[in-house]
Amino acid sequence: MQAAQSIAGLTTETKQTTGDMPPPLVGASTSMVGHHLYVFGGRLVSSRQMTNHLYILDVRTLVWVRHIAEPGSADPPRPRYFHSANVYKNTLVIFGGMSQSQRRASQGLCALDDICIFDLGTLTWRQSQIIPSLFSPQARYAHLATCAENKLVVMGGQDMENQYIHEINVFDLDRLQWVHNGPLDRQIGAYRAIVFVPSRVDPALVGHTTFWDKEERLDADDVPVCVYSNYNFADVTRELQSFYPQRPHPITFHDHSSAMSGTALPPGLRFPTGDLLGHHLLLTGTYLTPTHQSFHIWALNLANLVWVRIDSGPLLSGGSWNRGVLNETSQKLYVLGHRDRDLLEDYNHRQVNFDHLAIVDLEAFGIYSYPKPTCAPIAQELGLSMLNEPSMSDMEVVTVDNKSIPANSSILAQRWPYFAQMLQDTYKTNKALHKTFMFPETYSVTLAFLQFVYTDHLMTAQQHQPHILTRLLVIGDIYNLPRLVLLASHALHQLLTISTASTVYETAALTSRTALQIRALRVMINAKKILQQTTDEAPTQRTASPSTAVRRLATSRKLKVQYQKSNWPVTLGKGISNTEKKRSRIKITKVPIL
């Protein structure tokens, strides 16, 4: 147990933010676009005054900046809280919320029904004229909203009498008008539910038959939307439902709640947030009981509807962590909060803090976006055909086991910057192209590497052998080929088993793929637990304890792998001696690992 907790601790780190930091807020929206986090609106905890301020955090520098509109630009929207904020085409789309009434006779609050758009490119508010429509929504706050293609779907929420609004509305983000509405026969709000569009998930990751797409779509705009909700926190009930918001009403909800499973299921989470990454739904929120308080992270595999808890270690069990936001670019989850405050006290005030960030590496749990194809399958097949056609080559690649592979220098130079630079340097001293090219790998590894160069993919059985993949990952790291590193890391994640874990661990350590290294270590520790449970005999050999392995992993993370290259690791020439072959090999100084 101690080793497992130590590994979980390696996946999460906390950092202090600086700059013009937002004060503690209630009901502010948080949106991540690229490496920037946008916090808009909210109510000040200290004075209960509402704000329309916009704060921007660059998560690479951890510096907050308060946005000040340029003179002559559009004014920001009315102050508000418990509104919604969605990202569409490099804009933030703000809808609704609660604000101070502007009527002179009233000093109270009011709900809003307006659409406000912030341009993330120019950092200015747009003055958008919304076309009046019969489908305009009822004013509301604490509702759910999501972008489905070019439509903003708004559902549920509450009015100023704290009554749930039984209405779904659809806003066309290109035409800037409300185009559809319909009745909602259930209570839905931000306090206990999230909404997401599952069609954003690549069908190749979840199979062609998906739980949300059982019906044939009527047209391109007929996009399914899903709602996950939890309620009755003492004896939590979980619901997962899908529906088509733009179909003629009454809207039919399809229930998938009974299909969800897992060794453990999420508890009741208050003010949950949801994000999609790869083929997983990430669910985050505050978990409070009379005896326990912490911030929880869960993942639902949308291919089989199995829940898994993301155990980030003891860090999120202490302090006050309030809001999770996904950074799709880095594939990390950022949790806003304050590591020294009390969660229950802050929750009672609905307070969100912005002093610290807890950063969770989701890839260490096998949750990440899979590499996307860069060309069609037929183009990949064409690349393999060109590699297998000797008449298309103008040189030979010679391997360390004295085998040669015909290749085309133009293709290598186009796809491999290191080779292009070496070729250019060679032309400066000798106008003639040498016919041989020494590559310091075996034939099988070299062929797999050339197949990648010709196709930009790992698509053959040869390339997916574990010992080949580990070498491809090292090659990608040495020659700074991000695409190869991404593909090889992904393939090793998929092949990670008890038998491959130690090799994957060592290769990940050499190439600074920390998330893959941690995941391989977890497999090894779990394998040792199984072995200890299934044998009654005392071990005949002394092995490193899991906690020792974790300490060594923590040490290796702080060390840089040093690649020592003697001249070029590859050599051009008509004839290559054994001495030259040895000199051209890549020498790797390994860090201490298991």
Side-chain angles (χ1 to χ4, degrees), residues 5-19 21-32 37-40 42-43 45 55 57 59 62 64 81-82 85 190-194 230 233 236 264 266-275 277 280-299 307-328 330-362 364-365 367:
Q5 290 178 348
S6 300
I7 292 180
L10 292 172
T11 64
T12 307
E13 59 180 335
T14 59
K15 294 187 176 181
Q16 170 84 49
T17 65
T18 61
M21 188 187 308
L25 294 170
V26 178
S29 62
T30 53
S31 308
M32 181 76 77
L37 172 64
Y38 299 85
V39 175
F40 173 71
R43 192 196 73 202
V45 175
Y55 295 87
L57 174 69
V59 296
L62 299 177
W64 287 99
Y81 73 154
F82 288 120
Y191 175 62
R192 64 188 190 186
I194 62 169
N230 54 201
F233 294 145
V236 64
L269 300 181
R270 302 161 196 264
F271 288 102
T273 60
D275 294 282
L277 181 61
H280 286 87
L281 166 68
L282 289 170
L283 176 70
T284 64
T286 302
Y287 175 51
L288 293 175
T289 70
T291 59
H292 184 83
Q293 55 187 53
S294 65
F295 189 87
H296 271 226
I297 307 171
W298 291 77
W307 282 104
V308 202
R309 170 113 186 253
I310 304 300
D311 184 5
S312 56
L315 190 147
L316 296 182
S317 298
S320 177
W321 301 100
N322 317 119
R323 181 76 59 82
V325 187
L326 175 67
N327 184 345
E328 292 188 44
S330 66
Q331 307 197 64
K332 290 179 169 58
L333 183 73
Y334 291 84
V335 185
L336 294 158
H338 194 297
R339 60 189 174 201
D340 299 320
R341 290 187 58 84
D342 182 73
L343 176 61
L344 180 59
E345 179 184 348
D346 286 347
Y347 177 78
N348 287 336
H349 295 95
R350 306 297 190 262
Q351 172 176 330
V352 176
N353 304 290
F354 304 93
D355 304 71
H356 299 100
L357 277 184
I359 306 172
V360 183
D361 190 343
L362 296 169
F365 300 92
I367 299 174

Is the backbone N or O of [Y] less than 3.5 Å from a side-chain atom of [X], with the two atoms forming a donor-acceptor pair by type?
X: D342; Y: S320; result: no
X: T17; Y: F354; result: yes
X: D355; Y: H338; result: no

If I take atom [atom1] from residue [X] and atom [atom2] from residue [Y], how far apart are they, to the nearest 0.5 angstrom?
X: M32; Y: L57; atom1: CE; atom2: CG; answer: 7.5 Å
X: S294; Y: L315; atom1: OG; atom2: CG; answer: 11.5 Å
X: L343; Y: H292; atom1: CG; atom2: NE2; answer: 9.0 Å
X: K332; Y: D361; atom1: NZ; atom2: CG; answer: 4.5 Å
X: T30; Y: F40; atom1: OG1; atom2: CZ; answer: 13.0 Å

Inset, instruction - Kindly determine whether T11 and I310 satisfy side chain to side chain contact (heavy atoms under 4.5 Å, CB included), including the steps that lead there. - result: CA-CA 10 Å; T11 64; I310 304 300; over 6 Å; no
Inset, instruction - Check whether more than 12 heavy atoms from other residues, nucleotides or ligands sit under 6.0 Å from atom NE2 of H349, and answer yes or no. - result: no
Decide yes or no for [X] and [Y]: does some side-chain heavy atom of the first lie under 4.5 Å from some side-chain heavy atom of the second?
X: E13; Y: I359; answer: yes
X: L333; Y: L277; answer: no
X: W321; Y: H356; answer: yes
X: P23; Y: Y55; answer: yes
X: L357; Y: V335; answer: no
X: N327; Y: V325; answer: no

Looking at [X] and [Y], what are the two nearest heavy atoms and their distance?
X: A358; Y: L316; value: CB-CD2, 3.7 Å
X: F295; Y: R323; value: CE1-N, 3.9 Å
X: L288; Y: Q293; value: CD2-CB, 3.4 Å
X: V39; Y: A28; value: CG1-CB, 4.0 Å
X: W307; Y: A264; value: CB-O, 3.8 Å
X: Q351; Y: V45; value: OE1-CG1, 3.5 Å

Inset, instruction - Could you walk me through whether V308 and H280 pass the side chain to side chain contact (heavy atoms under 4.5 Å, CB included) test, one step at a time? - result: CA-CA 10 Å; V308 202; H280 286 87; 5.7 Å; no
Inset, instruction - Compute whether any side-chain donor of one residue and acceptor of the other, for N322 and D346, lie under 3.5 angstrom apart. - result: no
Inset, instruction - Would you kindly say whether T273 and D275 are connected by a side-chain donor-acceptor distance under 3.5 Å? - result: no
Inset, instruction - Run the numbers on F365 and V360 for side chain to side chain contact (heavy atoms under 4.5 Å, CB included), then give the verdict. - result: CA-CA 10 Å; F365 300 92; V360 183; 4.2 Å; yes
Legend entry - Geometric class of the F82/F271 ring pair [parallel <30°, tilted 30-60°, perpendicular >60°]: parallel
Inset, instruction - Look at the rings of H296 and W298 and say which category their plane angle falls in: under 30° parallel, 30 to 60° tilted, over 60° perpendicular. - result: parallel
Inset, instruction - Would you check, one step at a time, whether the test side chain to side chain contact (heavy atoms under 4.5 Å, CB included) holds for L269 with T284? - result: CA-CA 8 Å; L269 300 181; T284 64; over 6 Å; no
